[in-house]
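Just so it is clear, the values below take in all heavy atoms, side chains as well, and ignore hydrogens, waters and symmetry mates.
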Amino acid sequence: TIAVKLIGSNWWNGSNFTVSANPVYFSVTNTTTTTPNTWSYAVPAGLQNGLVTGNQYRLISRSMDTAGNTEFPLGNANVPAGVGMTILYDSATVVSTISFPVNGGYYQTVNSMSGTADDMLTGSGVNQIHIALTRADGTYWNGSIWTGDCTGPCNPWQAATFVGNSSGTWSYNSLSGAFQSNIYYRAFVRGIDRAGNIPADPSFIAGGIRFNVDSTTPTSTITSPSNGSILTAGFTTMAGTAFDTSSNGSGVSTVKVRIGRFSDGLYLNPLSGTFDNTLSAANAFQFGTTVTPGVLPNYTWSQTGTLLASYFGDDRYHVESRATDNAGNFEVTYNTITFIVDSTPPNTAITQPTNNNAYSVAQPLTNITGTSNDPNLFPSGVIQVQLSVAQFSGGTTNYFNGSIFTAATEYMLVATSTASWSYWATGLNAGSLVNGASYRIHAHATDLAGNVDVISTTSTFVFDTDTPISTVTF
């Protein structure tokens, strides 16, 4: 026969552990008739339901031979101290968690997994920890390769190392070659206690924690200002695009921008609004942007509200953008654009005819020439020189229109070349000019930024075909 006692309480009476102070013995099934005899006892449902996880129980057996001799008398006081055994009842599974990687995490690589396991102080204690890794294609990691198919029944569990007793930490390091870039993975953990409780398998396709491995570098480009821009003032907004290689990538998290000045190699400090020596090239990516996802893996970015046009004087500048993804990968080869700020007008001079000169049929003007230049260390450059030729005759002013002097208002002509420019037309030959008339040439230059001479240059001359008269007085 067998009896069961709740430690600290009474004996099982077939219904509860609260009434019987003395053992209540239940018959067992003898499995042999030889000596020594073996027996077994099928635990009834009532007793199974009466057992509580975390409680300890004493199990004793009492034998009687065919002659009626008993192992020891009935009654609680007669149960020898060394008889039977004490057990801990544990039907609860181990509570296990994954600490690394984290759910929704992005990583350049994962070299190990770790976590915790807890079977409570009243539990039987952690015996084993298993982990599982699966991919979207259903394969699982077996410690060396991806294999199998967990879209149906599978056994992907791998043993981890546990340190502790009723609770502790675990780790798993057999991950060499496990992860490829731009792939999502799922991780699972289960604990098995000393009582043999095994948690039910989760869904290996939809459960567990999901994380991404991404070791590829995102890229970015600058679309505004455009490369090679020539501006008359600084800008206040920047914009561009970014790309993360794969729609399964970790995604672009930030794009930052730096702005450098060619004349002195300094970078713009957004805190001071000046180009100073507090920032090196490596740490000059100080301008944050707003990143907006498009059709993945494409993104756009913009920066506004930080830059002031007054930050930029006449100079040449370079702008670089640097994208960083959610796994921490960042660009090391930057997209670069350059632009010029040129607010200074160019200069123009007329070299022929010289001012206040005179011409005739015998000594005709045969060409109008001059020079122009665009000052500054980084000028945009003169794109065009224009001039007008005015004729003053008989109280009337007419302008040369490229053929004859009939224009009533100033008519601008385009010179040939810029740095050393010239202009001539047959309508300016001596035969087309009026004797006694005076002429004024007005010229100005325009640079690529659109700046125009504010102080234009002029040269006047007279056309005289009258012969001089001379007399002898002595």
Stepwise, does the ring pair (Phe, Tyr, Trp, His ring centres under 6.0 Å) test hold for F285 with Y334? CA-CA 11 Å; F285 288 94; Y334 312 121; 4.8 Å; yes
Beyond-backbone contact of N398 with I404, side-chain heavy atoms, under 4.5 angstrom: no
Do T216 and D214 have a side chain donor and acceptor closer than 3.5 Å? yes
Taking the side chain as every heavy atom from C-beta outward, state whether T139 and T147 have any pair of such atoms under 4.5 Å apart. no
d(D201 CG, R190 CZ) to nearest 0.5 Å is 6.0 Å
Going by atom types only, do N429 and S432 share a side-chain donor-acceptor pair under 3.5 Å? no
Can you confirm whether the side chains of R194 and N165 place a donor and an acceptor under 3.5 Å from each other? yes
Would you find a donor on one side and an acceptor on the other, under 3.5 Å apart, between the side chain of D90 and the backbone of S124? yes
Walk me through whether N55 and I7 qualify under side-chain contact (heavy atoms from CB on, under 4.5 Å). CA-CA 8 Å; N55 287 343; I7 300 299; over 6 Å; no
Do S171 and S114 have side-chain atoms, one donor and one acceptor, less than 3.5 Å apart? no
Report yes if some heavy atom in the side chain of M412 is under 4.5 Å from a heavy atom in the side chain of H444; otherwise report no. yes
Per the side-chain contact (heavy atoms from CB on, under 4.5 Å) rule, which among T354, N356, N355, I441 passes with F461? I441
How far apart are the closest heavy atoms of S167 and D118, and which atoms are they? CB-OD1, 3.5 Å
Polar contact flag, side-chain donor to acceptor under 3.5 angstrom, Q303-T237: no
Can you see which heavy atom on Q384 is nearest to which on T418, and at what distance? N-CG2, 3.9 Å
Determine yes or no for a side-chain-to-main-chain donor-acceptor pair under 3.5 angstrom, with S229 supplying the side chain and S226 the backbone. yes
R258/E320 ion pair, N-O < 4.0 Å: yes
Can any side-chain N or O of R440 pair as donor or acceptor with the backbone N or O of V389 at less than 3.5 Å? no
Nearest non-hydrogen partners of C154 and D149, listed with the distance: CB-O, 3.8 Å
For S263 and D315, does a side-chain donor sit closer than 3.5 Å to a side-chain acceptor? yes
Paired with P218, the side-chain contact (heavy atoms from CB on, under 4.5 Å) test is passed by just one of N329, T254, V255, namely N329
Any side-chain heavy atom of I350 within less than 4.5 Å of one from W421? yes
Ring centres under 6.0 angstrom apart (F312, F235): yes
P270 to T306 - nearest heavy-atom pair and separation: CB-CG2, 4.4 Å
With distance as the sole test, does N451 use its side chain to make a donor-acceptor pair with the main-chain N or O of D342 at under 3.5 Å? yes
Could you check whether S144 and N142, counting side-chain N and O atoms only, form a donor-acceptor pair closer than 3.5 Å? yes
Within the supplied structure, the quantity of interest is the number of heavy atoms (other residues, nucleotides, ligands) at a distance under 6.0 Å from E410 CD; does it exceed 12? yes
So, N376 and D314: side-chain donor and acceptor under 3.5 Å apart, yes or no? yes
State the CG-OG1 distance between N367 and T351, to the nearest 0.5 angstrom. 8.5 Å
Contact between Q391 and V434 at the side-chain level, heavy atoms closer than 4.5 Å - yes or no? yes
Would you check if the distance from the ring center of F179 to the ring center of Y185 is below 6.0 Å? yes
Side chains of N182 and S246 only: does a donor on one sit below 3.5 Å from an acceptor on the other? no
For L268, does its backbone N or O pair with a side-chain atom of R261 as donor and acceptor, under 3.5 Å? no
Does the separation of the ring centres of Y359 and F463 fall below 6.0 angstrom? no
Where the side chain of Q48 meets the backbone of V43, is there a donor-acceptor pair that is under 3.5 Å apart? yes
Is it the case that the side chain of N197 and the backbone of A92 share a donor-acceptor pair, with hydrogens and angles ignored and the cut-off at 3.5 Å? yes
W301 vs V257, test: side-chain contact (heavy atoms from CB on, under 4.5 Å). Steps then yes/no. CA-CA 11 Å; W301 61 266; V257 178; 3.8 Å; yes
Where the side chain of Q56 meets the backbone of Y89, is there a donor-acceptor pair that is under 3.5 Å apart? no
Just checking, any donor-acceptor pair under 3.5 angstrom between side chains of N326 and S250? no
Go through the steps to decide whether T369 and S422 satisfy the test side chain to side chain donor-acceptor pair (under 3.5 Å), and finish with yes or no. CA-CA 4 Å; T369 62; S422 64; over 6 Å; no
Take atom CZ in F330; do more than 12 heavy atoms of anything else shown fall under 6.0 Å from it? no
Between F204 and W157, ring centroids under 6.0 Å: yes
OG of S459 to CG of N357, rounded to nearest 0.5 Å, is 7.5 Å
When you compare the side chain of F243 with that of T241, does any pair of heavy atoms fall below 4.5 Å? no
Straight-line distance of T232 OG1 to L448 CG, nearest 0.5 Å: 12.5 Å
Measuring centre to centre across the rings, with the benzene-like ring taken for any Trp, is Y317 within less than 6.0 Å of F262? no
Donor on one side chain, acceptor on other, D466 and N435, under 3.5 Å: yes
Here the pair of heavy atoms bringing A445 nearest to S372 is CB-CB, 4.1 Å
Contact summary for F339 and V341, nearest pair of heavy atoms: CE1-CG2, 3.7 Å
Measure from the side-chain N and O atoms of S360 to the backbone N and O of A362, and report whether any donor-acceptor pair falls under 3.5 Å. yes
Under 3.5 Å, side chain of T446 to main-chain N/O of V452, donor-acceptor pair present? no
Could you state the interatomic distance from OG (S388) to OH (Y411), rounded to the nearest 0.5 Å? 12.0 Å
Between Y423 and L428, is any pair of side-chain heavy atoms under 4.5 Å apart? yes
Are Y267 and H318 close enough that their ring centres sit under 6.0 Å apart? yes
May I ask you to check whether F275 and Y311 place their ring centres under 6.0 Å from each other? no
Can T116 and T97 be counted as having a side-chain donor-acceptor contact under 3.5 angstrom? yes
CG-CD1 distance between D137 and I183, expressed to the nearest 0.5 angstrom: 8.0 Å
Between the side chains of N269 and T278, is a donor N or O closer than 3.5 angstrom to an acceptor N or O? yes
Check the side chains of T406 and N401 for a donor-acceptor pair under 3.5 angstrom, ignoring hydrogens and angles. yes
Is there a side-chain contact between T219 and N335 in this structure, where contact means two heavy atoms from C-beta onward sitting under 4.5 Å apart? no
